[in-house]
Amino acid sequence: MRVSRIILSAACILLLALSLSSCVKDSLDNPTDPTPEGTPPTPEVEVPVDELEITELKIPANFDFNTEEEVTLTINDNTPNAKYYVYAYNDQVVLGEEFIFLNEEEEEETGVEVSVDNLNHLIFSGIPSGGSLEQTFVIPAYYEKLYLKRKEGFKFSSAIINITGNSLTHNYIPDTGKGASANKAMVEDYLYCVNGGGEMFQVDPLTGAYTFISDMPMGSWTAAIDQENQLVYSIGRSKPYPLMKYDIAADTWTTVGDLGLGGPRLDYNKNDGLLYFSTRDKLYTVDPQNANILSNWDIVGLHKKNGGDLAFAADGTIFLCSFSGLYRLDENGNGNYDAIRISGEDLPFSPTSMTFDSNNELWLADNGGSSNLIVMDTQTGGWEYRYGPASTSGVSLGRTINDLTTFRIFDEVAIDPDTDGDGITDSNDDFPEDAEKAFEQFTPSKYGWGTVAFEDLWPYLGDYDFNDTAVNYRFVAVLNSDNMVVQLDIHFEVSSDGAGLTNAFGIEFESIPPSLVESVTGTVLTEGFINTAANGLEQGQDRAVVILFDNHETMLNIPSKVTIDFTTPITTNQLGIAPFNPFLIVDKNRGQEIHLPNRFRTSLGINDTTVEGVNLDLDGNYKTESGLPWAINIVHNFKPPKENVAVNQAYNFFNQWASSGGTLYQDWYKDSTGYRNESQLQD
């Protein structure tokens, strides 16, 4: 380690002071100032935090380099079969690479890829048991909100909760404004909306409240619903214009095929089971099973051919809007369609989307940053504002609507079987054919990865590139209908093996005795120094310990999974918080364990203070005297630095984060603009 610049500066000032005082007599009777009158004192030179070497950082004593925060959420809801999806939430918009797309005026443009982080971070899903659902989990420390999506049958609602502490409670209050009439069957409408940013959300036409439903594979100008099969269709906004299909019950997207044509208008015709797609003055039918175009017609009489949407009325009449207003399409004697104009010139905006509700009212929207919604009479052309900045409702969505479609929920007992008989209906059951399993809890999220990265020279000082062994992970706890854990899947991949040693990686479950584990499968043990019991756990341990692999070199860039089955269901509290107590075993020396700061060794770990050389961890807390760790857990896919490149040289705000005790730049590890020195990171 080089000599600190702060120390050198202070030493120079001290020498200067001693030199001056030795040349001038100083006494209590005649005190003298070594600095001549009018000469300012020499200032102490303080090196900016971002320029300090990692070993020069002043780290708060209680800081353990945590990138996550622990949250306990309690949901109180007595409604049977009301399923909750809980997300770490922010409304951040991330700009990516440029791409070519066809805008709603059907002109090619160059845009910047936009991705949103609304529903990318699913933590868990579940149904309250006995009216209550409680889960403890970790989220990245920079998140300030949770998003709760509630599903009751096919009805969605939502709530956003500010994270104001480690314990949060959400009490569901039923909406008494909706419900079946005593005199007639009732249908409830929900407007499904999509936009070019890749958001799909639902708007309640009675209140204007919106709920995020899903992030789309690609942004889109189009949406259409197959009501009978609960499917949403949408065409991607850019080449090759994929036809995408969303299953509302399963909450999954699939790509049907590439349409090869882009445009703004789409609807589903329940009478023939086909999608009707329109761009400019053309109308096409599309097979929703394979994205094949089956037929096409000309549209005669559009005043403006760009923009707009397509919608079927209840009687099968086709309505089309373009930037010149609303039209009815009538078949003519030439095998094409005539566009009969309905709206006058008084529409408040150029419509970009429309849909019919169950009352045969036509909803239209513009594509502003906060879209306006109007309702229009197809007979008279009259209209009125319902929601948006230009309305008097006081409700603005704050989101862009590029297309609308209507999903109808009928007040009748839906056929939703419980195939496995566990009390959870199939549409809410993640394992509908397994009575022992129902829900899942994810760490760090359903699609995200975390990383545990190690310096393997403990107890000596390393180079702090944290690339000696780095392991990406995702933990999936499988829960039963009572929200108890029956299985744990550990998805992992070694992302770096920068050490010249043969290292192993294990996890201790600090609250689980070995007797609670029925079996461990998927471990890769080839080096002969790990002894396992019949159930797959490591022998000689007081608590359950799983060694995932014993040679990191053989596991590099190989996606793997270890599954732990428990003898009896356990609570999520007993399971603990992932990644639990992860550790490295260095160079086949079973007693040489490296843990996260202030975590305990396993029963087989040894703290030998008599090692040759300078032992920087005499107290065995896996932190140097200045507070630096030998292991760090990052709740994100961490890209390790190159060999001998300290982490603070590769990540520009690591110093500020560490020096502040984790309060500044809590997302220092992300690939946000200016955060990384890409040339200093591994490929």
Going by side chain to side chain donor-acceptor pair (under 3.5 Å), name the residues that satisfy it together with Asp468, two or more places apart in sequence or in a different chain.
none
Kindly write out the residues that satisfy side chain to side chain donor-acceptor pair (under 3.5 Å) with Trp630, not counting sequence neighbours, or none if the list is empty.
none
Without hydrogens or angle criteria, can the side chains of [X] and [Y] be said to hold a donor-acceptor pair below 3.5 Å?
| X | Y | value |
| --- | --- | --- |
| Asp667 | Tyr675 | yes |
| His170 | Asn76 | no |
| Asn573 | Thr571 | no |
| Asn472 | Thr451 | yes |
| Asp77 | Tyr84 | yes |
| Asn503 | Thr469 | yes |
| Asn551 | Thr502 | no |
| Thr572 | Gln441 | no |
| Asn677 | Asn652 | yes |
| Thr563 | Gln487 | no |
| Asp422 | Asn480 | no |
| Tyr473 | Asn633 | yes |

Would you say the ring centers of [X] and [Y] fall short of 6.0 Å from each other?
| X | Y | value |
| --- | --- | --- |
| Phe475 | Phe580 | yes |
| Trp449 | Phe638 | no |
| Phe654 | Trp668 | yes |
| His121 | Tyr87 | no |

Side chain to side chain contact (heavy atoms under 4.5 Å, CB included), paired with Arg590, selected from Asn531, Thr602, Asp550:
Thr602
If the plane angle is over 60° it's perpendicular, under 30° parallel, otherwise tilted; pick one for Phe454 and Phe505.
perpendicular
From Ser659 atom OG to Ile59 atom CD1, the distance as rounded to the nearest 0.5 Å:
7.0 Å
How many angstroms lie between atom OG1 of Thr169 and atom CD of Glu134, to the nearest 0.5 angstrom?
8.5 Å
Between Ile163 and Ile139, does a side chain to side chain contact (heavy atoms under 4.5 Å, CB included) hold up when you go through it step by step?
CA-CA 11 Å; Ile163 300 173; Ile139 60 174; 3.2 Å; yes
Is there any salt bridge (Lys or Arg N to Asp or Glu O under 4.0 Å) pair reaching into residues 499-518, and which pairs are they, with sequence neighbours excluded?
Glu508-Arg543, Glu510-Arg599
Would you call Tyr651 and Tyr665 a side-chain contact if the rule is heavy atoms closer than 4.5 Å?
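Not touching, per the 4.5 Å side-chain cut-off.
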Minimum heavy-atom distance between Ala88 and Leu146, given as atom pair plus value:
CA-CD2, 4.2 Å
Closer than 3.5 angstrom, by distance alone: can the side chain of Glu70 be matched with the main-chain N or O of Thr136 as a donor-acceptor pair?
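Looks like no, no N/O pair under 3.5 Å.
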Short question: side chain of Asn428, backbone of Lys83 - any donor-acceptor pair under 3.5 Å?
no
Residues Lys437, Glu440: salt bridge by 4.0 Å N-O rule:
no
I'd like to know if Lys561 pairs up with Glu493 as an ion pair, taking the criterion as any Lys NZ or Arg NE/NH1/NH2 lying under 4.0 Å from an Asp or Glu carboxylate oxygen.
no
Hey, is OH on Tyr460 packed in by over 12 heavy atoms from elsewhere, all under 6.0 Å?
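Result for OH/Tyr460: enclosed.
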